[in-house]
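Okay, structure first, notes after.
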2 protein chains.
Amino acid sequence: MAASRARRPERREEPLSRERIVEAAIGLLDESGEGGLTFRALARRLATGPGAIYWHVTGKDELLGAATDAVVTGAMTAATATATAGATPREAVRSLAVGVFDAIDAHPWIGTQLARAPAQSPLLRIFEHLGRQVQALGVPQAAHFTAASALLNYILGVGGQNAANALERRPDTTRAEFLDTVSTSWANLDADEYAFTRSVADQLRDHDDREEFLAGVDLIVAGITALR
Amino acid sequence: MAASRARRPERREEPLSRERIVEAAIGLLDESGEGGLTFRALARRLATGPGAIYWHVTGKDELLGAATDAVVTGAMTAATATATAGATPREAVRSLAVGVFDAIDAHPWIGTQLARAPAQSPLLRIFEHLGRQVQALGVPQAAHFTAASALLNYILGVGGQNAANALERRPDTTRAEFLDTVSTSWANLDADEYAFTRSVADQLRDHDDREEFLAGVDLIVAGITALR
DNA sequence: ACCTGAACACCGTTCAAGT
DNA sequence: ACCTGAACACCGTTCAAGT
């Protein structure tokens, strides 16, 4: 380990670039969350000073945006490939949705970030691809916007919740254990005030987040097709 | 103005309390956004030192949570009153949804905050009330969780977007002007890459956010009733 | 019990100075 | 053109000291 590191050619020789900075930022965000992305930590990882980063990037907001953009773009190109390979609109929507879902699962910080991207370019790309499938579903043109927005907003809502859960969950507990904890806490809520929540506490315990998410997508697709 | 302030009994005499702190925090958040809530600014407004606040509140996270909780609770009690006054389930869902929508419109910062509430108590209250209406819609019990979640996540997604838009929008521009700007920018997107988005750019210009939001709620309710 | 405010350990960002 | 790192103006939070 020490030997291989010693033999490796000098890392610091590679010139700084926007690409390398964004890449390092993503690494930092994945490892230690939004709080872990610091200009000082980033500079340390890139073997330079904090000021150097500002020559390539205007500030932290842009950096966060670029990192989100990079991750979402990667996820989208994979998902749209499946989507265009002769699938039904419903299948294509599911594949797009699952692409975003998995991206947020792998990088929880984008769940929070997607809701505040200023240029919104990654969001717009998702919206575009969802919209094409809405068209393919054959709904009247006047309902296109509503239908595509409903899908996107649902996906963003789940993404935000998943991101929050990932933050709340202790890193050493599995998703199943976490769901179990929530489920029992729901079951112990006040019987009058939370009658409904208590009644679905059991369902929560055995749910697969991903399946549950897709069931919601199907529900909205059903609502969309009802517009025909 | 100056006279009335001079005559007013000494403000600083009122003892500090969790309530007063949360109230002042909401004021700060409303006036200058998430960045405006600072322990120093809060202390100045309460005519005390930053340390005093920590005796009543464990830290900034709890403070943000308590502020969100207070605002959402207020919005919910108003909305549930309408909801229970002999309305159809669909009307009740709309009234609940609009309650959250308007609360986020009035306090954009809760749009971001709702997606990360750790205790999630305000979210759970919304979920409970939506769930009751789902029950009233007469869907099979196995679909209760999915249906209520779909509604909640859609509402949260829109809330997050509205919060982001409120931040992005210059304070001196109206919502209509903002939509107009976005609409023309969509119309100028690449014709191939953003064919769908371009095709709905016109619809965006004349849309009322609230109506559009409710159309999405109706769409999901339609999807839910299709489960019967 | 409750408040004060200086002090600590951080931030993002800037900028003179270097190469 | 690109990098360096000290310095500035902030943060949240703590804590000895006061009442």
Side-chain angles (χ1 to χ4, degrees), chain A residues 9-69 109 112-113 116-119 167-168, chain B residues 9-69 109 112-113 116-119 167-168:
Chain A
E10 304 268 311
R11 267 293 192 79
R12 57 183 62 183
E13 295 304 318
E14 301 174 32
L16 216 49
S17 67
R18 215 184 118 95
E19 247 179 45
R20 276 190 66 218
I21 292 171
V22 170
E23 194 187 340
I26 292 173
L28 231 30
L29 287 161
D30 286 345
E31 288 162 29
S32 34
E34 253 163 299
L37 180 59
T38 286
F39 275 83
R40 277 165 244 262
L42 197 53
R44 206 177 313 123
R45 179 165 295 205
L46 293 164
T48 180
I53 298 165
Y54 282 87
W55 199 90
H56 299 272
V57 146
T58 62
K60 192 169 187 180
D61 283 345
E62 193 200 314
L63 188 53
L64 269 167
T68 307
D69 207 346
W109 48 274
T112 325
Q113 213 50 41
R116 63 173 65 175
L167 287 181
E168 198 186 353
Chain B
E10 302 270 309
R11 268 293 193 80
R12 56 183 62 182
E13 294 305 317
E14 302 173 32
L16 217 48
S17 66
R18 215 185 119 95
E19 247 180 45
R20 276 189 68 216
I21 292 172
V22 170
E23 193 187 339
I26 292 173
L28 232 30
L29 286 162
D30 285 346
E31 287 162 30
S32 34
E34 253 163 303
L37 179 59
T38 286
F39 275 82
R40 277 166 244 263
L42 197 53
R44 205 177 311 124
R45 178 164 295 206
L46 293 165
T48 179
I53 298 165
Y54 282 87
W55 200 89
H56 299 273
V57 145
T58 62
K60 192 168 188 181
D61 283 345
E62 192 200 317
L63 187 53
L64 269 167
T68 307
D69 205 346
W109 49 275
T112 325
Q113 213 50 40
R116 63 172 68 176
L167 288 180
E168 197 185 354

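The analysis underlying the following values was restricted to heavy atoms, covering all of them including side chains, and did not include hydrogens, waters or symmetry mates.
As rounded to whole Å, 16 Å separates atom C1' of C/dT13 from atom NE2 of A/H56. In this structure, A/L63 atom CG and C/dC11 atom P are separated by 15 Å, rounded to whole Å. Rounded to whole angstrom, the span from the CH2 atom of A/W55 across to the P atom of C/dT14 amounts to 16 Å. Regarding A/I53, its CD1 atom lies at a distance of 16 Å from the P atom of D/dC2, rounded to whole Å. One atom, CD of B/E62, and another, P of D/dT13, lie 11 Å apart when rounded to the nearest Å. In this entry the distance linking CG of A/L64 with C1' of C/dG12 reads 12 Å, nearest Å. Distance OH (B/Y54) to C1' (C/dA1): 20 Å, rounded to an integer number of Å. Taking atom CG on A/L46 and atom C1' on D/dG5, their separation rounds to 15 Å, with Å as the unit.
Candidate nucleotides D/dG5, C/dA7, C/dC11 were compared by shortest atom distance to the side chain of A/R40, and C/dC11 ranks first. Of the candidates D/dG12, C/dC3, C/dT13, the closest approach to any side-chain atom of A/K60 belongs to C/dT13. Nearest to the side-chain atoms of B/T38 among the listed nucleotides D/dC11, D/dC2, C/dA1 stands D/dC11. In this structure, the nucleotide among D/dG5, D/dT13, C/dC3 sitting nearest to the side chain of A/P50 is D/dG5.
Taking CG from A/L28 and CZ from A/F39, the interatomic distance works out to 11.0 Å, rounded to the nearest 0.5 Å. Note that CZ of B/R44 and OG1 of B/T38 are 8.5 Å apart. Values are rounded to the nearest 0.5 Å. Residue A/L42 holds its CG atom at 6.0 Å from CG of A/L37, rounded to the nearest 0.5 Å. The distance from atom CG of A/D69 to atom CG of A/L64, rounded to the nearest 0.5 Å, is 12.0 Å.
Checking C/dC8 for Watson-Crick or G-U wobble geometry (two distances, each under 3.5 Å) identifies D/dG12 as its partner. Across all strands shown, C/dC3 forms no Watson-Crick or G-U wobble pair with both key distances under 3.5 Å.
When all heavy atoms are compared, the tightest approach of A/A43 to A/G49 is CB-C, 3.5 Å.
Nucleic acid contact for B/L37: sugar-phosphate only, since backbone atoms but no base atoms lie under 4.0 Å from a heavy atom of the residue.
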